[in-house]
**Student:** 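Questions regarding the structure given below will be posed in turn.
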Amino acid sequence: MAKLDFFSFGSKRQAQPLDDVKSAGEWFAATVRDAGTASHDKISALLSQFNAEIEHPGISTLEAIIELDRLGRPQHEQLCAQYLSSKLPPALEVQQRTQLLAYGRQFVAAFQRFMSFDPGSDEAPRIRQLLPQVIGKMLFYLSEYALWQYYRHASLEEVMWSNVNQLFRYAEEHGIDVVPVQLFPDHPPTTVHDLYLALLMTSLLVSGNLSARQIRASYQLALMLSNRMTLSQDFLGDNSFMIDIQHALPPCRAHNVPQLKGVRVWSTAELVDQLNIWLAVCDSGKTPSELRQLFSQGVDIGLLRFLVREWAVRPFRFARAERVPVASQQLEVGRQFVLAHRLVREHEEQQTQSARSMDGSASTTADEAAEIRIYGFVSSRRRDKPAAPDMLLKAVAQPELLLWDVENQSDSGLGVSLPAQGAEWVALGTLLATREAGQQAWALSIVRRIKRVEKDRLYLGLQRLTQRPVAACIKHESGRNADPTLPPGMLWNQGEIALFASSVLDGVKRNTLIIPLFSYASGKKLQMFAKNKGFLIALGRVLEKGLDWCQVEIELIKPL
C-alpha cells in the first residue's frame, strides 16, 4: 500500500483517501470494486497507516473517517453475523475474530486522535460539534470488543474499564453525554449515556451461562431499553446498580453505596417493567412487535425471564447446593452423544460378561440389578436372546478420554477446570459422559457454565442429568429398522442410538429419553428397546437440547 501523504503541497498532489469525504467515498468504491469482501481488511490497513504516520489530522480527515465508517459498516455487520451464525474451524475462527477486532480497534484509535484538539484553533467549533458522535462511535466499538470477550466467557481487563469509564467521564464533564447522535443511518438515535449504560448492563451477565447469541441479544435489548435508566448521584433513591467512573472497575450491585464523587447509581425498575410487559404478551401466545427480529434470530422467552431475574431491582436469592472444594481428583470425560452412548453400553456389556462368568446366584443378582426402572409403568421382563455379535458396534480401539481437574462438587454437579488449548469444542449445552475416580459406571452431565478464569484455562460448571443412564435404541413405530445409511456411530441393534434416563422434575420422577435431534417430533411414536425390554412410546416436550441431541419426556403406551 502506498504511503499516505497528507502534507504534500502543490496543484499536482494526488488526492489521498482521507483528505475529505469525497476522497473517502471514491477510495471505498474503488476498493470494493477491486477487492470485494477483502475491502474490510483494506479499511483496517488504511486506518492503521493513518494512526501510525499522520501527526496532526484536521477536521476534513475526521469527516472522511466518519464517512468511511458509514460505508464499511454493512460489510462489518455481515461478517459479525456470519461469525455468530456458524461454527467455524478453530483456525478460521481465530482468523475471523482477529479481523473483526482489528477493524474496531483501528477506528477507536483513529477517533481518539481528535479528542485532544486545540480549543483555540479555527476547526475547534466544528470538532466540538462532532464530539458526541466521535465518543459515541468509540463507545460503540469498545462495547463490540467487550462482547467478543464475553462470547469467549472472558472478563474485561482493567485497562478496558479504565478507557470506557474515562470516556464517559469526559462526555459527562463536557455536557455532551445526553446529546442525541445517530451512529449509522440504519441505527436509531442514541446518546453516549445510553451506549455506556447498555455496556454496563451487558457486563452484569458474565456468570458464564449465556451463549454468544444470547449475549448479543441481551446487548441489543439493553440498547433498546437504556433510555429507561438514568445514571445519577442520588444515593437516597431505590438504586439497583452502581459504577465508579473514576476507577478501572466494572459495575456491581448497589450495596452500601459509598457517597464518592465518581460513584454513579441507577435503577432498573422501568426496564424490568417493560420486560415483564413483553413476557405477558409472549405468555398469551403472541410475539411483541419490538422483538420479532430478535426472536427470528433464535432468542426465546427463556432469555427474557433470565434478564428479569439478573437485572431485577433487588437481587434474587437462590437456594443453591453447597459447593465442597475438592483436591487432587480428576474426572474422566467422553465428549459427544455418540461416544457417551458407546461408553454406557460398553460398561453394561462388561457387567453382563462378568455376571456370566460367575455362579448362578451372582448371575441372578446381576440380572436383577440390570432391570430398567420405568416409573409409572409396570411390565414383565422380556426374555429375549442377546443380540447377535454382528449387530453390535464393536470398538476398534479404546475411545480417547479426557481428564479434567475437579475443583468442587455439590449435590447437583461438579466444578472442573481444564486447559483452554484444545477445548474450543466446549460449549454451553454440551453433553458429556463423566466418571469420577473410583467409579466404574458412567453418568451423563451437561455443561451449564463456562468461565475463562485465566487466559489459558477454563472453568466449567457441570450439572448431572442422571447417574444411571441406560443404553437404548429406537425404531419406527412399526418396528422398521433405522436407515442403514446413517453414520455407524448412530446405529445400534439396527436402531438409532438413545439413552434412557429417569429425571426428577418438580419433585416427581419422570421417564426421559436422550435421542438424536433429527429424530424428534412432538407426539411421535417410536419403539424403544433397552435391557431386553421393549416399549411403544410417544415423545413429549423437550427438556434439554444440544447441538446434535435432545432430552425429551416420554409417554409409555404399551410393552412389546
Side-chain angles (χ1 to χ4, degrees), residues 87 152-153 207-215 298 300 302-303 305-306 318 320-321 323 326 330-345 347 399 401-418 423-436 439 441-452 458-472 489 497-506 509-520 539-554:
K87 182 64 177 177
R152 301 174 68 241
H153 308 287
S207 55
N209 50 3
L210 289 181
S211 66
R213 288 187 182 183
Q214 289 174 321
I215 292 172
D300 57 19
L303 179 61
R305 298 190 193 281
F306 175 84
F318 295 96
R320 296 185 182 275
R323 297 180 182 178
V326 175
Q330 289 189 312
L331 184 74
E332 283 186 290
V333 178
R335 52 180 286 196
Q336 298 179 338
F337 178 37
V338 171
L339 181 54
H341 187 276
R342 177 177 169 178
L343 293 171
V344 170
R345 73 171 183 263
H347 172 69
L401 299 179
L402 305 171
L403 285 177
W404 293 348
D405 296 324
V406 179
E407 301 286 338
N408 57 71
Q409 61 182 2
S410 66
D411 292 338
S412 59
L414 299 168
V416 299
S417 63
L418 63 150
E424 294 81 6
W425 58 272
V426 177
L428 294 173
T430 299
L431 182 70
L432 304 171
T434 56
R435 184 167 65 180
E436 298 174 50
Q439 296 185 354
W442 291 91
L444 293 181
S445 301
I446 185 172
V447 178
R448 288 297 192 200
R449 189 182 305 275
I450 304 176
K451 293 202 74 174
R452 192 175 293 268
L458 293 179
Y459 173 85
L460 305 183
L462 307 182
Q463 178 189 347
R464 295 189 193 93
L465 289 183
T466 178
Q467 290 276 31
R468 294 184 57 188
V470 177
I497 61 173
L499 289 166
F500 176 85
S502 59
S503 297
V504 179
L505 301 173
D506 301 325
K509 290 183 177 179
R510 302 179 188 272
N511 303 313
T512 72
L513 196 64
I514 298 173
I515 61 175
L517 188 59
F518 60 77
S519 299
Y520 176 76
L539 303 182
R541 60 172 175 156
V542 174
L543 303 177
E544 300 286 351
K545 184 168 66 173
L547 184 63
D548 59 349
W549 64 276
C550 61
Q551 181 186 21
V552 300
E553 278 192 281
I554 57 174

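Residue numbers count from 1 along this sequence. All figures in this text were calculated on a predicted structure; none of them were measured in a lab.
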**Student:** Determine whether Leu517 and Lys545 satisfy the following criterion, side-chain contact (heavy atoms from CB on, under 4.5 Å), listing intermediate values before the conclusion.
**Tutor:** CA-CA 8 Å; Leu517 188 59; Lys545 184 168 66 173; 3.7 Å; yes
**Student:** Go through the steps to decide whether Asp405 and Val416 satisfy the test side-chain contact (heavy atoms from CB on, under 4.5 Å), and finish with yes or no.
**Tutor:** CA-CA 5 Å; Asp405 296 324; Val416 299; over 6 Å; no
**Student:** Under a 4.5 Å cut-off applied to non-hydrogen side-chain atoms, are Ile446 and Glu544 in contact?
**Tutor:** yes
**Student:** Report yes if the side chains of Lys509 and Ser502 come closer than 4.5 Å at any heavy-atom pair, otherwise no.
**Tutor:** no
**Student:** Got a second to check how far Arg464's CZ is from Ser412's OG, nearest 0.5 Å?
**Tutor:**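 It is 7.5 Å, given to the nearest 0.5 Å.
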**Student:** Tell me whether Arg449 contacts the main-chain N or O of Ser207 through its side chain, where contact means a donor paired with an acceptor under 3.5 Å.
**Tutor:** yes
**Student:** For the residue pair Trp442 and Pro469, what are the closest heavy atoms and their distance?
**Tutor:**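 Smallest interatomic distance, heavy atoms only, reads O-CD, 3.2 Å.
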**Student:** For Val406 versus Gln330, what's the shortest heavy-atom pair and its separation?
**Tutor:** CG2-C, 4.0 Å
**Student:** Between Phe500 and Ile554, which heavy-atom pair has the shortest distance, and what is it?
**Tutor:**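 Minimum heavy-atom contact is CE1-CD1, 4.1 Å.
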**Student:** Could you report the tightest heavy-atom contact between Val344 and Ala471, atom names first, then the distance?
**Tutor:** CG1-N, 3.8 Å
**Student:** Should Leu428 and His153 be marked as a side-chain contact (heavy atoms from CB on, under 4.5 Å) after you check the CA-CA gap, both sets of side-chain angles, and the distance that decides it?
**Tutor:** CA-CA 11 Å; Leu428 294 173; His153 308 287; 4.2 Å; yes
**Student:** Does any non-hydrogen side-chain atom of Ile515 lie less than 4.5 Å from one of Cys550?
**Tutor:** yes
**Student:** Using a 3.5 Å distance criterion without hydrogens, assess whether the side chain of Tyr520 forms a donor-acceptor pair with backbone atoms of Gly540.
**Tutor:** yes
**Student:** Closest heavy-atom contact between His341 and Arg345?
**Tutor:**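 So the minimum-distance heavy-atom pair works out to ND1-NH1, 2.7 Å.
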**Student:** Glu332 and side-chain contact (heavy atoms from CB on, under 4.5 Å): which partner among Leu343, Leu402, Leu403, Thr434?
**Tutor:** Leu403
**Student:** Tell me if the CG atom of Leu547 is crowded by more than 12 foreign heavy atoms within 6.0 Å.
**Tutor:** no
**Student:** So, for Thr430 and Trp425, which heavy atoms are closest and what is the spacing to 0.1 Å?
**Tutor:** CG2-CZ3, 3.8 Å
**Student:** Can you tell me how far the CG atom of Leu401 sits from the CG atom of Leu339, to the nearest 0.5 Å?
**Tutor:** 6.5 Å
**Student:** Do Arg510 and Leu543 make a side-chain contact, defined as non-hydrogen atoms from C-beta onward lying under 4.5 Å apart?
**Tutor:**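 No. Closest side-chain heavy atoms not under 4.5 Å.
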**Student:** Find the distance between OG (Ser410) and CD (Gln463) and round it off to the nearest 0.5 Å.
**Tutor:**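 It comes to 9.0 Å.
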**Student:** Between atom CG of Leu465 and atom OG of Ser445, what is the distance when rounded to the nearest 0.5 Å?
**Tutor:** 7.0 Å
**Student:** When rounded to the nearest 0.5 angstrom, what is the spacing between CG in Leu499 and OG1 in Thr512?
**Tutor:**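 Leu499 CG to Thr512 OG1: 9.5 Å, rounded to 0.5 Å.
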**Student:** When rounded to the nearest 0.5 angstrom, what is the spacing between CG in Leu460 and CG in Leu331?
**Tutor:**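 Leu460 CG to Leu331 CG: 10.0 Å, rounded to 0.5 Å.
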**Student:** Under the side-chain contact (heavy atoms from CB on, under 4.5 Å) rule, what do Phe306 and Leu210 come out as? Steps first, then yes or no, please.
**Tutor:** CA-CA 10 Å; Phe306 175 84; Leu210 289 181; 3.6 Å; yes
